[in-house]
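Everything below concerns the one structure shown next.
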Amino acid sequence: MKLSRNFVSDYIDLDKDLTIEKIAEDMTNVGNEYDEVGKLINCTNLVVGEVISCEDHPDSDHLHVCVVDVGSEKLNIVCGAPNCRKGLKVIVARDGAVLPGGVIKKGVIRGTESNGMICSIAELGLESKFLEAKDKDGIHEFPSDVEVGSDPIKALGLDDEVIDFELTSNRGDLLSILGMAYELGAIYNKKVKDIDTSFTEIKDNIKDTFNIKIETEDCPLFLAKKALNVTIKESPAFIKNRLIASGIRPINNVVDISNYVMLETGQPLHFYDADSLGDTLIVRNASENEKLVTLDNIERTLGTEDIVIANKDGAVGLAGVMGGLSTEVEEVTKNILIEAAIFDSVKIRKTSKKILRSEASNRFEKGLDPKRTYMAIERSCALLEKYADAKIMSGTVIHDVIDKEDKVISLSLEKVKKVLGISIPSQEIISILKRLGFVVKGENPLEVEVPTRRRDISIEEDLIEEVGRIYGMDNIEGKLPLLDVSLGVYNKTKRAIKHKLADLGLNETMSYTLIPKEKVKEFTYNDFTPVYLNDPMSEDRNTLRNSLLYSLKEIYLYNKARNNTNISIFEIGKGFYKENDIYKEDLHLAILLSGDFYLDIKKTKVDFYILKGIIEELLDFLGYENRYTFEKGNVPKELHPGISASINVNGSNIGFLGKVHPSVLKDDVYVLEINLDKLLSIKTGKMKYKDISKYPSIVKDIAFIVDKDTTSKEIIDTIKKSSSKILANVELFDLYTGENIDSNKKSLAYKLTFMDPNRTLTEEEVMNVFNNITLNVEKINKAILRDK
Amino acid sequence: MNNEKLNEVKEKLERDLQNIENEAVLNELKVKYLGKKGLITELNSEIKNIPNEQKKLFGMAVNELKDLFNKSYEEKLSFFKEEELNKRIQTETIDITLPSKKVKRGSLHPMTLITEEFEDLFVSMGYTVYEGVEIESDENCFQKLNVPKGHPARDAQDSFYLKDEYENFLLRTQTSTAQVHAMEENADKGPLRIVCPGKVYRKDEDATHSHQFMQIEGLVIDKDVSMADLKGTLELFCKKILGEKTKVRFRPSYFPFTEPSVEVDVSCFKCQGKGCNLCKQTGWIEVLGAGMVHPNVLEMCGYDPKKYQGFAFGTGLDRFAMFKYGIPDIRTIYGNDIRFIEQFNRKDDTYEAK
């Protein structure tokens, strides 16, 4: 909402020395933010001048050399405008004038001295939608009665100041000059002046020749009056200039009056060409697929949720949004039907969201004051009579089932203190409420009568807010709350996982939840129902991800394209799906490694085993030591089947790890994803100290040659089974294939540690166990003991 | 005669000890004097031929010689060892400007850092961290926050509804929705103190808006908490996060779920309130929305608004991260360039014990 200072000054006396910037600041402090503030025309050093001579420039086919009288002196100015001529009163920008296009300086143009510029309206920086062709093509021509040496901006009537407010959605009342006047009145303790709604009515009564039918519940108030014999012409300057300052393009007197009254009262009006409309007007819901050509000459397809204004032939306007082309007020229009109505704000919001946002719909959506509806139709009659020579028919056609009662709300003074946390004297509270135009009765509680224009106020807390904002919310002194001591907690596990992984050299990423539909199954291996968006911003963000790995893969590719080739990243985020008609979201952890691994000072290339090491360290850290296994299979098809495994904890599957399939990514990239919710639902024991043996351990190495497809886990299982409690640890320390080993065989070497916490072991008993292990592995795993 | 020999050995030894050049000469001397056929060894073997009354004196004299040798030997040996070590050390100088062998920790995402910083601050004041769900019902996201269907405030938060679920289910547009869950789950409907950080989603995308971003919401419900308590809390919080000189300003505003509502500005930390590009010459930056929980919200979430009142505040974590770390474009945060993320491998505490 653009507030013109000249316009609002019709209704409230603002001190002359109050700057527009101060007004904007004061409005901000009561809750009305602004976007921009300043003069409507931001130019300096302009003066009205008279062209006293105008000769063709000797070295140019279009320039003129002029002498311009600006009162205090006579200036030589070179001017290129085709309409420049002797005797014209013009806008002169003197040496040093600042215009939106730059600073005007003395100079020499094609050998002739020029001490300024004669300006067009366009050069003053008025928005182009307000400019006519003559404002752009040539210099402005003042009427001859304009005084030489005076301020041209004032002569144009554009000496206005404007605040462009960004209002909160509850303050529909401020979408009007009157509403603004009341708000300013509360700030500066000034009375709001009455609006002039006086006009003369002719004898003929509208009710005799015109009727309305309201066939929908979404129109609780509808008023119609008729103005006859209007003269369509240009609006007077003050109307045009105030519309311009408010951001609305002037058209002709009649159209301008409907906009002018909307700006004044906040009530949108619609003027129909009464003769095209006919004698009956119907308000109803549109039928499905009903067509209507709106004022902008676009055919709109409507639905049953939309409200239309119709005559006997069909829809003639889209209620609350835009009129129809067939009943438009045109040059030839003689008689006008004036509509002032209130439509259901939710319905208008839906229609305008679908079809078109307009100044009118914006006001209907926020809700209107029925008293203003009556005021607005009268005001428009007054202006039409005055500025369009209209004859106003007596009588008003009325459909009125709306509630117009002022609300009375009780306000307890203790409650004001309890909510705001400060003591404001009761006299001041009462004064603030009165300044806002509320009627205050009683002592405590106060009985506050709230006018219908303040539709945002309905409960005691609303009144407390009013008191607070006029008193100044910032005048509240801050203090810390006195509350019972309570324990604050947070999700330590999630945080510990993140910190652990960072400590292991991984970098945390945060990527978007929304991914392309066709990628949602990528890196998943269980059947699930994906979750899609209804109305996405773009096709590549239309689905909620289930796996985080699509995102990590994209991050990998993004970085690779920027030559960042050593990537060790992880992310913790939600994976979404639908199950039995319920939306689910599980917390996932995903890791991607490629290039050199960070923590490794020898800079080895990442491989399956580094990733396995990371997840083992994490699982041990979380308390799942010795409770997890890695199994072949049950992994997404995007993984290399030979270099991947599923991860199980306590026998239940929690995720997978492995190398990305070469058909998905050519490079060596390793990924992992686990369902953290699933993992963390598995209980862990408490951290407990284990006795450290005082007795020495005995270490034996052993190596076997086995078939290539025998797994190390199979050998270790046999070793463990063949041993007694004295075997404390088994560890693979070498895997060898190549020279001296058959190509379908491999050599696995283990370090066996024997220990008893209570005594020193003898060599003999260790050898007994060791020999038993050797025999069993040879027999069960078809292994050959490798010579040392 | 024996005494003559003794004196002769002594003289020789004293002379020899003057001329030891290195460890090898020293060891040769050891053989010469204390070896099997060494001069002192020989003197020692003479003892048995000495008349008894002289034996003691002679023996003592030989031992003195032996001690003299040993003492000198040890001294010289350690001198030579030290000399050798010093020589070696001189040859072992390295170029300390060569690059290090990286032992590098990874890094947490800046949004994690900022979230943890906020969490820690509020946890220390007795708030519990409550993380809600990201798919929300329209009822929890809007209606129970006093934003019925068709309410104009919905415009400010253009939402991502799920397919076939228009005005039923959506990605949450604000972490305020977590309040609803926390209030409803609080079985005794008594005092509550929570902060809710998390991802939120709105249809908006430019240099300062991302369709996915992070917010944190705070909620305190008790019998007697007011706007003044809210201001005090936010003053403390802004000072700890943005610096002790930070000032906080309340401006009245409107949110459907709070009444009264305020926008909270902080004094610009870049120019200290003097006016700069960041604060658009105003000296203030808008950082939070806050207010007293609307009685309708309390009631819809099962609280008795006659007994309890509360305050709530919410802010964009991305905005704080952008301010704090000087990140100009929000898209950088979610771009995940490894060179960006790596920069955050740093301890950065704004408040801690001295």
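Below, read A as the first sequence line, B as the second, and so on, with proteins coming before strands; counting in each chain starts at 1. Atom set for the values below is all heavy atoms of this structure, side chains included, hydrogens, waters and symmetry mates excluded.
- With respect to the salt-bridge test (charged N to carboxylate O, under 4.0 angstrom), the residues B:Lys163 and A:Asp535 do not qualify.
- Of the charged side-chain nitrogens involved, none lies within less than 4.0 Å of a carboxylate oxygen, so that B:Arg249 and A:Asp474 do not count as a salt-bridged pair.
- For A:Gly421 against B:Ser226, the heavy-atom pair with the smallest separation is CA-OG, 3.3 Å.
- With respect to B:Asp229 and A:Lys479, a salt bridge is recorded, a charged nitrogen being found less than 4.0 Å from a carboxylate O.
- B:Leu162 places a side-chain heavy atom less than 4.5 Å from the side chain of A:Leu544.
- Within a 6.0 Å sphere centred on CG of A:Asp581, heavy atoms belonging to other residues, nucleotides or ligands number 12 at most.
- Top candidate by heavy-atom pairs under 4.5 Å with chain A, chosen from B:Val248, B:Val220, B:Val129, B:Thr128, is B:Thr128.
- Among A:Asn559, A:Leu514, A:Ile464, A:Ile572, the residue with the largest count of heavy-atom pairs under 4.5 Å with chain B is A:Asn559.
- In this structure, chain A has heavy atoms under 4.5 Å from both the backbone and the side chain of B:Glu116.
- Among B:Tyr334, B:Phe250, B:Tyr254, the residue with the largest count of heavy-atom pairs under 4.5 Å with chain A is B:Tyr254.
- Between B:Val293 and A:Glu461, every side-chain heavy-atom pair lies at or beyond the 4.5 Å cut-off.
- Side-chain polar atoms of A:Glu365 and B:His151 form no donor-acceptor pair below 3.5 angstrom.
- Here the shortest heavy-atom pairing between A:Leu420 and B:Met227 reads O-CB, 3.5 Å.
- Around the NZ atom of A:Lys500, the shell of radius 6.0 Å holds more than 12 heavy atoms that belong to other residues, nucleotides or ligands.
- Contacts between A:Glu477 and chain B at a heavy-atom distance below 4.5 Å involve the backbone alone (N, CA, C, O).
- Considering all non-hydrogen atoms of both residues, A:Ile459 and B:Pro295 come closest at CD1-CG, 3.7 Å.
- Atom-to-atom distance recorded for B:His211:NE2 and A:Tyr512:OH is 6.0 Å, nearest 0.5 angstrom.
- In this structure, B:Arg251 pairs ionically with A:Glu33, as a charged nitrogen and a carboxylate oxygen lie closer than 4.0 Å.
- One finds the CD1 atom of B:Ile338 at 11.5 Å from the OH atom of A:Tyr558 (value rounded to the nearest 0.5 Å).
- Open room surrounds CD on A:Glu36; 12 or fewer heavy atoms of other groups in view lie less than 6.0 Å from it.
- To the nearest 0.5 angstrom, A:Thr168 atom OG1 is 9.5 Å from B:Glu263 atom CD.
- Interatomic distance, CD of A:Glu571 versus CG of B:Asn336, reported as 6.5 Å (0.5 Å rounding).
- For B:Asn296, no part lies under 4.5 angstrom from a heavy atom of chain A.
- Top candidate by heavy-atom pairs under 4.5 Å with chain B, chosen from A:Gly478, A:Gly367, A:Ser511, A:Ala502, is A:Ala502.
- A donor-acceptor pair is defined here as one N or O able to donate and one able to accept, closer than 3.5 Å; no such pair exists between the side chain of A:Glu465 and the backbone of B:Pro252.
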Exercise. Does the side-chain contact (heavy atoms from CB on, under 4.5 Å) test come out yes or no for A:Lys574 and B:Lys199, once each step is laid out?
Worked result: CA-CA 10 Å; A:Lys574 298 274 181 74; B:Lys199 290 175 190 163; over 6 Å; no

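- Residue contact with chain B, scored on non-hydrogen atoms closer than 4.5 Å, involves the backbone of A:Leu487 exclusively.
- Interface residue B:Asp204: only backbone heavy atoms are found under 4.5 Å from chain A.
- Put simply, the side chain of B:Glu165 reaches to within 4.5 Å of the side chain of A:Tyr583, judged on heavy atoms.
- Proximity to chain A is limited to the backbone of B:Tyr127, based on heavy atoms less than 4.5 angstrom apart.
- Residue B:Met125 does not touch chain A at all, counting heavy-atom pairs closer than 4.5 Å.
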For this session: Under the side-chain contact (heavy atoms from CB on, under 4.5 Å) rule, what do A:Arg541 and B:Phe160 come out as? Steps first, then yes or no, please.
Result: CA-CA 11 Å; A:Arg541 304 205 186 288; B:Phe160 288 111; over 6 Å; no

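- Using a 4.5 Å cut-off between heavy atoms, A:Lys494 contacts chain B through its side chain alone, with no backbone atom that close.
- Proximity to chain A is limited to the side chain of B:Tyr201, based on heavy atoms less than 4.5 angstrom apart.
- With a threshold of 4.5 angstrom between heavy atoms, B:Glu259 approaches chain A through its backbone and through its side chain.
- No more than 12 heavy atoms of other residues, nucleotides or ligands shown are found within 6.0 angstrom of NZ on B:Lys223.
- Heavy atoms closer than 4.5 Å to chain A are found nowhere in B:Glu136, neither backbone nor side chain.
- Between the A:Asn507 side chain and the B:Ser107 main chain, a donor and an acceptor come within less than 3.5 Å of each other.
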Problem set entry | side-chain contact (heavy atoms from CB on, under 4.5 Å) assessment of A:Lys418 paired with B:Met292 | CA-CA 11 Å; A:Lys418 202 175 169 203; B:Met292 298 298 292; over 6 Å; no

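- Within the 4.5 Å cutoff, no side-chain heavy atoms of A:Val346 are placed close to those of B:Lys149.
- Ranked by heavy-atom pairs under 4.5 Å with chain B, the first of A:Asn491, A:Ile476, A:Ile569 is A:Ile476.
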Exercise. Do A:Leu501 and B:Leu108 pass the side-chain contact (heavy atoms from CB on, under 4.5 Å) test, and can you show the C-alpha distance, the side-chain angles, and the key distance before you say yes or no?
Worked result: CA-CA 9 Å; A:Leu501 292 171; B:Leu108 294 171; over 6 Å; no

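- At most 12 non-hydrogen atoms from other residues, nucleotides or ligands lie less than 6.0 angstrom from NZ of B:Lys280.
- The structure places CZ of A:Phe576 at 4.0 Å from CD of B:Glu134, a figure rounded to the nearest 0.5 Å.
- Ranked by heavy-atom pairs under 4.5 Å with chain B, the list A:Lys584, A:Glu508, A:Met473 is led by A:Glu508.
- Only the side chain of B:Phe169 comes within contact range of chain A, judged by heavy atoms closer than 4.5 Å.
- Ranked by non-hydrogen atom pairs under 4.5 Å with chain A, the options B:Leu236, B:Leu171, B:Asp164 are led by B:Leu171.
- Interface summary for chain A: among B:Thr233, B:Thr115, B:Val133, B:Asp222, the most heavy-atom pairs under 4.5 angstrom belong to B:Val133.
- Atoms CG and OG1, on B:Asp265 and A:Thr28 in that order, are 9.5 Å from each other to the nearest 0.5 Å.
- Heavy-atom pairs under 4.5 Å with chain B were tallied for A:Lys415, A:Met510, A:Lys498; the largest tally goes to A:Met510.
- Between chain A and the residues B:Gly150, B:Ala228, B:Pro110, B:Pro148, the most heavy-atom pairs under 4.5 angstrom are made by B:Ala228.
- Other residues, nucleotides and ligands place no more than 12 heavy atoms under 6.0 Å from the CG atom of A:Asp484.
- When the candidates B:Ser124, B:Pro191, B:Ser261 are compared by the number of heavy-atom contacts under 4.5 Å with chain A, B:Ser261 comes out ahead.
- Here A:Val419 is the residue among A:Val419, A:Asn542, A:Val485, A:Val531 with the most heavy-atom pairs under 4.5 Å with chain B.
- If you check the side chains of A:Asn564 and B:Asp337, you find a donor sitting under 3.5 Å from an acceptor.
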